[in-house]
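Scroll down for the structure; my scribbles are underneath it.
Proteins get letters first, then strands, A, B, ... in listed order; numbering begins at 1 in each.
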Amino acid sequence: MPKTLKIATFNINGVRARLSRLLEWLEEAKPDVVCLQELKAPAESFPEGAIRDAGYGAIWHGQKSWNGVAILARGELPIERRRVLPGDPEDVHSRYIEADVRGLVVGCLYLPNGNPAPGPKFDYKLRWFDRLHAHAGDLLKSRAPVVLAGDYNVMPTDLDVYAPERWRDDALFRPEVRDAYANLLAQGWTDALRTMHPGERIYTFWDYFRNAFARNAGLRIDHLLLSPALAPALRAAGVDCHARAKEKPSDHAPTWVTLTV
DNA sequence: ATGCCTATTATTAATAGA
């Protein structure tokens with residue numbers, strides 16, 4: 001019997017400061033699976049109880065002050081597959097977690113920002129992208145239904161930026177990172193939002209500065225990539241922009257797909 | 001070229017974000 005699954009990614013920008021925003025969005029949007037980024041909390045401070053009371057099982061990889069990723073599943077506990085992106089034992093940032101959930105493999109990622117570019121942070125971003133490319137290739141070889149969802153910190157094309165010229169030299173838009181994203185897609189991944197809405201201006205992030213949300217000065221940097229096994233199941237995709245208009249919001253909005261599996 | 005705004009951490013200023 002086919003059923004519909006709603007999978008979302010949401011850079012929460014502080015899971016403690018944003019807990020009420022998260023809970024009200026879960027209640028309203030009722031996603032089946034949620035990938036969270038930027039928990040900005042050590043593991044022991046993750047609000048597991050409140051999230052469980054909202055009906056979601058969770059696994060998370062926390063870190064003091066920065067980064068941090070989690071996977072939530074409605075009515076069940078995601079089965080963790082890994083909590084590190086392979087390829088660099090020296091990398092201690094909590095930026096990747098992966099689980100089996102609802103018959104899918106779900107990878108939740110928070111790609112490094114990379115500014116200022118050029119520089120060591122940009123180099124780290126490019127190396128992280130290389131490691132993601134390698135791991136994503138391994139996932140494809142398994143032929144499993146996979147979703148790679150998260151904050152990629154990349155605007156793939158000019159259509160994904162409110163003012164492309166102002167962002168040319170930024171670590172989120174430089175040719176190196178756009179090429180890296182294109183090379184990832186070329187493995188066979190489907191960018192769900194862009195596939196469902198070709199030619200449309202869609203943003204997932206608006207700066208806190210300069211009244212950016214009211215001016216719709218946004219960026220599309222949160223992406224859901226579907227493996228070939230899963231791409232035919234894609235039914236709808238969107239961004240819950242209204243969440244960005246609330247009191248004390250994250251600077252990102254929840255971004256989601258529905259799949260018939 | 002830089003600040004704007006925000007969360008976190010450590011003590012009212014620094015850091016990182018994008």
Side-chain angles (χ1 to χ4, degrees), chain A residues 9-23 25 35-47 50 60-70 91-96 108-126 128-129 132 149-178 180-181 193 201-223 239 241 243-255:
Chain A
T9 181
F10 188 9
N11 180 319
I12 196 74
N13 190 15
V15 71
R16 289 171 291 178
R18 217 72 66 199
L19 183 59
S20 58
R21 293 290 86 84
L22 174 63
L23 295 176
W25 172 74
C35 295
L36 296 178
Q37 303 86 34
E38 280 210 86
L39 304 179
K40 289 185 168 180
E44 63 271 20
S45 299
F46 184 80
W60 63 96
H61 185 188
Q63 178 182 336
K64 193 169 102 172
S65 301
W66 297 302
N67 309 316
V69 285
D91 182 7
V92 295
H93 290 197
S94 51
R95 295 182 176 275
Y96 190 79
C108 170
L109 64 103
Y110 176 44
L111 217 132
N113 175 302
N115 276 306
K121 290 187 175 181
F122 191 63
D123 296 340
Y124 172 57
K125 180 176 195 168
L126 295 180
W128 210 93
F129 232 133
L132 179 61
D151 178 356
Y152 283 72
N153 269 316
V154 181
M155 296 85 88
T157 72
D158 283 8
L159 187 59
D160 304 306
V161 196
Y162 69 98
E165 295 314 319
R166 289 189 191 182
W167 288 83
R168 292 281 174 223
D169 292 326
D170 191 276
L172 280 69
F173 200 48
R174 284 175 64 105
E176 298 94 321
V177 295
R178 281 185 284 130
Y181 187 82
L193 271 283
R201 288 207 167 269
I202 303 170
Y203 302 134
T204 66
F205 165 90
W206 298 262
D207 216 307
Y208 288 124
F209 308 160
R210 304 184 215 92
N211 209 21
F213 183 64
R215 296 187 295 121
N216 198 27
L219 310 173
R220 189 174 76 96
I221 55 178
D222 300 277
H223 308 299
V239 181
C241 298
R244 182 64 179 79
K246 300 235 178 191
E247 192 88 2
K248 288 271 176 191
S250 170
D251 40 7
H252 297 248
T255 304

Value in whole Å for how far the C1' atom of dC5(B) lies from CZ of Phe205(A): 10 Å
Matching residue for Gln37(A) among Thr9(A), Asn13(A), Asp151(A) - test: side-chain hydrogen bond (donor to acceptor under 3.5 Å, both in side chains): Thr9(A)
Geometric cation-pi criterion Arg168(A) and Phe173(A), 6.0 Å radius, 45° cone: no
Sugar-phosphate, base or nothing in reach of Asn13(A), heavy atoms under 4.0 Å: sugar-phosphate
Integer-rounded Å distance: dG17(B) C1' and Gln37(A) CD: 14 Å
Touch class at under 4.0 angstrom, heavy-atom based, for Lys125(A) against every strand present: nothing
Distance, P atom - from dT6(B) to dT2(B), rounded to whole angstrom: 22 Å
Residue mapping more 5' on DNA chain B - nearest nucleotide basis, Ser65(A) or Trp167(A): Ser65(A)
Length of the CG-P vector between Leu39(A) and dT9(B), whole Å: 12 Å
Verify stack between Phe209(A) ring and dC4(B) base, 5.5 Å, 30 degrees: yes
Sugar-phosphate only, base, or nothing, as touched by Asn211(A) at under 4.0 Å among non-hydrogen atoms: nothing
Side chain to side chain donor-acceptor pair (under 3.5 Å) between Lys121(A) and Asn115(A), worked out: CA-CA 6 Å; Lys121(A) 290 187 175 181; Asn115(A) 276 306; over 6 Å; no
C1' spacing across the pair dT12(B) / dA7(B), given as an integer number of angstrom: 15 Å
pair His93(A)-Trp128(A): side-chain heavy atoms closer than 4.5 Å: no
Separation between the P atoms of dC5(B) and dA1(B), rounded to whole Å: 22 Å
Sugar-phosphate only, base, or nothing, as touched by Asp151(A) at under 4.0 Å among non-hydrogen atoms: sugar-phosphate
Pair partner, dA10(B) [Watson-Crick or wobble, under 3.5 Å]: none
Side-chain N,O (Arg215(A)) to OP1/OP2 (dC4(B)) below 4.0 Å: no
Nearest-angstrom distance from the residue atom OH of Tyr110(A) to P of dA16(B): 12 Å
Whether His223(A) and Tyr181(A) hold their rings parallel, tilted or perpendicular, with breakpoints at 30° and 60°: tilted
Touch class at under 4.0 angstrom, heavy-atom based, for Phe213(A) against every strand present: nothing
Gap between atom OG of Ser94(A) and atom CH2 of Trp66(A) - 0.5 Å precision: 11.5 Å
Residue whose closest nucleotide on DNA chain B lies nearer the 5' end, Pro112(A) versus Arg210(A): Arg210(A)
Integer-rounded Å distance: dT6(B) P and Asp207(A) CG: 10 Å
OP1 or OP2 of dG17(B) under 4.0 Å from side-chain N/O of Lys40(A): no
Touch class at under 4.0 angstrom, heavy-atom based, for Asn67(A) against every strand present: nothing
dA16(B) to dA10(B) separation - C1' atoms, rounded to the nearest Å: 15 Å
Spacing between Glu38(A) atom CD and dT15(B) atom P, to the nearest angstrom: 18 Å
dG3(B) to dT15(B) separation - C1' atoms, rounded to the nearest Å: 16 Å
Separation of atom NZ in Lys121(A) from atom C1' in dG17(B), rounded to whole Å: 9 Å
Rounded P spacing from dA13(B) to dC4(B) in Å: 14 Å
Tyr208(A) OH - dG17(B) C1' separation (whole Å): 10 Å
